[in-house]
K.L.:
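Starting off with a structure, shown below.
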Amino acid sequence: MARGDPEADVFAVPDFWQTSKWLQQVIQDAPPTLFTTDLGGLPGNPPFRVALQQEGFFKLPSLCLVEPKQTVTQPEQQCASTASTSSSSTEDAQDVWIDTAEPSDDKVSFRTWDAFKTTEFAVHQPMFVSEAGPAAYDALLRQAADPPELQNSDAAIVEARTYISCLLALALGRDSIFFKKDNKLQTFHPALPSFRISGYSRQVLEGIESQALRCGGSFLQLSAFVRSAYAKNSSRCEVALASSISHVLQAVEQRLAVDGIKPRSLLQLQASIRDVSTALAPPQRLVSRLRQEFSDEEILSLIFHMASSLDDGQGFVRVIVREMLRRVSAPWIELLEEWIGTKREEGIPLSKSCVGESRGFVKVEAETYVDDFGREVEDVDFRLDHTKVPDFMPSDVVESMFETGRNLRFIRSFHPNHPLAQQAVIESTQPPKAEWLYDWASILELERRTARYRDNLYEVLRASRRDSWSRTHGIGAVAPAPSSTFQLDFFGLDQHGMEEKMLASIKQLDQPMTGPKGEDSLSELLRERLFDMHGADMDRADATPHWSLLSVLSFGGIASAQAQIVNRESLRLLFDAHDIRGQLRLQRDFHLFGNGMFCSRLSHALFDPDLTSAERQAGIARQGVMGLRLGGRDAWPPASSELRLVLMGVLTESHASRDSSSFSLQTGDSSLPGDLSFAVRDLSTEEIDKCMNPDSLEALDFLRLSYKTPAELSGIITPIHLMHYDRIFKLLLRVLRMQYVTNQHCLSVKAQGDSWQCPNNASLRFNREAHHFVSSVASYFLDVGVAIPWQMFEQRMGQVRADLEDGSGDVSTKKLQSPNELRELHSQVLDRIMFALFLRKRQQPVLKLLEELFSIVLRYAKHARLEALGRGGETEEKADAAELYAEFKKKMQVFLTVCRGVSEKGRAGSGKAYEELGVGEDSLVAQLLMKLDMGHFYVAQFRG
């Protein structure tokens, strides 16, 4: 029992029941009993009933003592008295907190047992000035002597409620009576020189004023940022950030200006301002670090790092910052969902024709490739802009998303009736929504929804491949959902139908108007949790993943599921609908000289001297099988009309001789795949000068194969690949010419021997060794340098195609396959072929030695041809066969020494790369050495 409570003192001493006459009066005036109990047992007293009255809000129970057998003679009066007592009690209970701010006029007294017996009260004597009340403290501060030494004697005393209202306005950055605002400088200054409220010194008030001033400054800074973000042409994430900060400011204003309009004390006001300052501190720190040139990705990265740093802070701050990250990143996440296809793309779709445009981390750009020798080629495609990716996103996840979106655009562009090209089909499989997840329960639930979506979409694709989808659902025609709204359509209706339409319209108009949508998640969160410092879910330590894993756990699963479906399906379309293997074999047959018919026809058309010349001669009609007759003519290079006449049917007939399983001309279309044809290469002035000499090694460098990659295959056969094919074709064409020259020279030497024209020893040796050298190099280039890597490439393509047909097992456990994998395989095989053919930049010394050896052989062929024609004196070179042979042997020894060094280096660094080439631990160059110098003939002569 508390002191000062009369009822507490009544029950304190039991002897009072026997002696007090006042007790009898209490019994007579007592109200009806609500609860009775036997208080007997006291000597000389009858049992009484205790009445506990419980009407009214927060009313303390009253104790009434009534005689047990007392009868009420006047029930009307008793009921009226009871009602009056209950009414007054209820009124007192409702107004119990009204006058708490007013000081009580009753004197404070202390109750003791001694004073209770003597019915006297000991008057309390205050020991401190603070206990004497605010008036005594104010009188002390007003004294001129200033005993406290606080210098508050000249401070004017203002009304407390007005002062507190002004502090609330100051915390919100508003002008008030006591604190004037300078709109130009955005600062505040007091309206009076010095003032305070009763009971508080000026020094105490300055502390809370400084807190309110800092809070108001933060409020003004954030408000200015919100206004500037909406006024200028801001990005989507910046507008989302301004919207989030605006909701925070509205919640703070609601708290201080509406809910906290009447704080009961300065301590309560200080606590509210402190909470508001804590809530405004993270947005203020974020805004202060923002720069005008920041992009959306930099804003997202800044908010992410701020949220991760505050994850161990106060509960409501942690939750608010997480919700801000969720809202600000929503525009970027929407772009991500639109790119990978889980969300319908808004606006004009991004395509390859939109050169220079960008959307998020994807841009359409014409990229220029430069090879090792400075040749440039341009390619227009989707590009991944790494500068537009937030730093919290792992690079492998972003690259997987980018590849998925690019393959999805391939399907939409070239297969519009495919299920993946129809957004309604994807939405029917219920794709999961990408958003930030901070707890393990949500992450596990996302994994379940992602797995269900992947299985549903995979079943749809399998059904479409069985042609059941087109029969049951109709690919390309999605049935519209039934509309719940009334449709105004009265044409062709009878009276009954018209009446039904009118009744449906009236029923719809009778429905109540839909109200505005409720507050969003951030507003609701701020209203419920902003100042709940000790809520049940605020200070609880959540078992959350590390922040470095949140992006992978939130978005990686969705990206992986979409990639497994889209990439595999696009790869399947490349094999089945576009026959990518046939297109690649086309390059193998012609650019890499894999077609024997093509090699034979091209060799005869270019070099055979027995064919009819295609040169235009006055008065002579061209007839018969014509050829360019390189080596048997003086005018070079040939005209474009000669090239067309000679090479007209070479490609067509060679293509028709291929296996019927590849491309065929059964459709009647005479054009070759990719418009394959001969063309003239763009050459520099120096290169043109070299081509004009028919006896030089560069005489045929102007001739090339023109191939235009189909648009649907541009991701697999890129312009840089075509550039590599062109360089390989140029070298192999030189080798083809050298083979023809050495073969013809062998025949001529043999003819001289048969006709008793004995050639000298140097000619015989040069002829034999040159033929061995050229045939060995040609065999190495075609059978080893090209055939072995391409055979491995074909096996890998076959394995990829077989994996696509594997329908066993769960789709989630299958290997991730995509067109990017096929493109990488294509690039690797070309790199290995170019390495084997000495076409890499670091192999230029080896290739230069090889070309010098070819040039020596051509010089000797020209010398022998002119000698046979009796025109030996026409040549500018005075060297004979012996000198050319000595030079050839010297160059041959150097070439073999260099190749041996390359082979040893390759053997020392052999490993997985060489195993993938199919040659084990030995390098490809070692096989060339074996062909050229098996018995170390040139090495022995070089040492000797």
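These figures come from a predicted structure and were not determined experimentally.
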K.L.:
Drop me the distance from Arg383's CZ to Asp381's CG, to the nearest 0.5 angstrom.
P.N.:
5.0 Å
K.L.:
Supply the atom-to-atom distance Phe793 CZ to Leu822 CG, rounded to the nearest 0.5 angstrom.
P.N.:
5.5 Å
K.L.:
If you measure from CG on Leu384 to CZ on Arg406, what distance do you get to the nearest 0.5 Å?
P.N.:
9.0 Å
K.L.:
Apply side-chain contact (heavy atoms from CB on, under 4.5 Å) to Arg737 and Phe607, showing your working.
P.N.:
CA-CA 7 Å; Arg737 179 192 178 190; Phe607 315 121; 3.5 Å; yes
K.L.:
Whether Glu794 and Arg581 form a salt bridge (side-chain N of Lys/Arg under 4.0 Å from carboxylate O of Asp/Glu) is what I want to check.
P.N.:
yes
K.L.:
Considering non-hydrogen atoms only, spot the tightest contact between Glu297 and Val389 and give its length.
P.N.:
CG-N, 3.6 Å
K.L.:
I'd like to check Ile426 versus Thr342 (side-chain heavy atoms, cut-off strictly below 4.5 Å). Are they in contact?
P.N.:
no
K.L.:
Between Asp385 and Thr387, do the side chains contain a donor N or O and an acceptor N or O under 3.5 Å apart?
P.N.:
yes
K.L.:
Take Glu805 and Arg572 through the test salt bridge (charged side-chain N to carboxylate O under 4.0 Å, His left out) and record every step on the way to the result.
P.N.:
CA-CA 9 Å; Glu805 294 297 332; Arg572 186 190 304 274; 3.5 Å; yes
K.L.:
To the nearest 0.5 Å, how far apart are CG in Leu602 and CG in Leu736?
P.N.:
6.0 Å
K.L.:
Any heavy-atom pair between the side chains of His386 and Glu399 that's under 4.5 Å?
P.N.:
yes
K.L.:
Cut-off 3.5 Å, side chains only: do His418 and Glu569 have a donor facing an acceptor?
P.N.:
yes
K.L.:
Side chains of His591 and His721: is there a donor and an acceptor less than 3.5 Å apart?
P.N.:
no
K.L.:
Is there a side-chain contact between Tyr707 and Ile717 (heavy atoms, below 4.5 Å)?
P.N.:
yes
K.L.:
Do Ile688 and Phe702 have side chains that get closer than 4.5 Å, going by heavy atoms?
P.N.:
no
K.L.:
Would a 4.5 Å heavy-atom cut-off, applied to side chains only, mark Val364 and Val380 as touching?
P.N.:
yes
K.L.:
To the nearest 0.5 Å, what is the distance between CG on Leu420 and CZ on Phe410?
P.N.:
11.5 Å
K.L.:
Report the C-alpha separation of Val800 and Phe575 in whole Å, then their side-chain angles, then the decisive distance to 0.1 Å, and conclude whether the side-chain contact (heavy atoms from CB on, under 4.5 Å) test is met.
P.N.:
CA-CA 10 Å; Val800 170; Phe575 278 103; 4.1 Å; yes
K.L.:
Using a 4.5 Å cut-off on heavy atoms from C-beta on, say whether the side chain of Glu365 contacts that of Val355.
P.N.:
no
K.L.:
Under a 3.5 Å distance rule, please check whether Arg727 uses its side chain to pair with a backbone N or O of Leu839 as donor and acceptor.
P.N.:
yes
K.L.:
Between Phe781 and Phe838, is any pair of side-chain heavy atoms under 4.5 Å apart?
P.N.:
yes
K.L.:
Is Gln562 reaching over with its side chain to a backbone N or O of Ile340, donor-acceptor style, under 3.5 angstrom?
P.N.:
yes
K.L.:
Does His826 use its side chain to pair, donor to acceptor, with the backbone of Ile716 at less than 3.5 Å?
P.N.:
yes
K.L.:
Under the 3.5 angstrom rule, does the side chain of Ser400 hit a backbone N or O of Val397 as a donor-acceptor pair?
P.N.:
no
K.L.:
Give a yes or no answer on whether the side chain of Glu824 reaches the backbone of Glu821 with a donor-acceptor pair at less than 3.5 Å.
P.N.:
no
K.L.:
Under a plain distance cut-off of 3.5 Å, with no hydrogens placed, do Ser301 and Asp391 share a side-chain donor-acceptor pair?
P.N.:
yes
K.L.:
Hey, is the main chain of Leu722 close enough, under 3.5 Å, to the side chain of Asp726 for a donor-acceptor pair?
P.N.:
no
K.L.:
Would you say the side chains of Asp803 and Gln799 form a donor-acceptor pair under 3.5 Å?
P.N.:
yes
K.L.:
Are the aromatic rings of Phe593 and Phe729 close, with centres under 6.0 Å apart?
P.N.:
yes
K.L.:
Is there a donor-acceptor pair under 3.5 Å between the side chain of Arg704 and the backbone N or O of Phe678?
P.N.:
no
K.L.:
Under 6.0 Å between ring centres: does that hold for His724 and Phe835?
P.N.:
no
K.L.:
Answer yes or no: is there a donor N or O on one side and an acceptor on the other, between the side chain of Trp636 and the main chain of Cys691, under 3.5 Å?
P.N.:
yes
K.L.:
Report the distance from atom CG of Asp379 to atom OG of Ser714, rounding to the nearest 0.5 Å.
P.N.:
7.0 Å
K.L.:
Evaluate the side-chain proximity of Val735 to Leu782: yes if any heavy-atom separation is below 4.5 Å, no if none is.
P.N.:
no
K.L.:
Within the side chain of Tyr780, is there an N or O that forms a donor-acceptor pair under 3.5 Å with the backbone of Ala836?
P.N.:
yes
K.L.:
With distance as the sole criterion, is a donor-acceptor pair present between the side chains of Arg568 and Gln564 under 3.5 Å?
P.N.:
no
K.L.:
Between Ser600 (side chain only) and Met597 (backbone N and O only), is there a donor and an acceptor less than 3.5 Å apart?
P.N.:
no
K.L.:
Quickly, which of Glu338, Glu346, Glu345, Glu334 forms a salt bridge (Lys or Arg N to Asp or Glu O under 4.0 Å) with Arg359? Name it, please.
P.N.:
Glu345
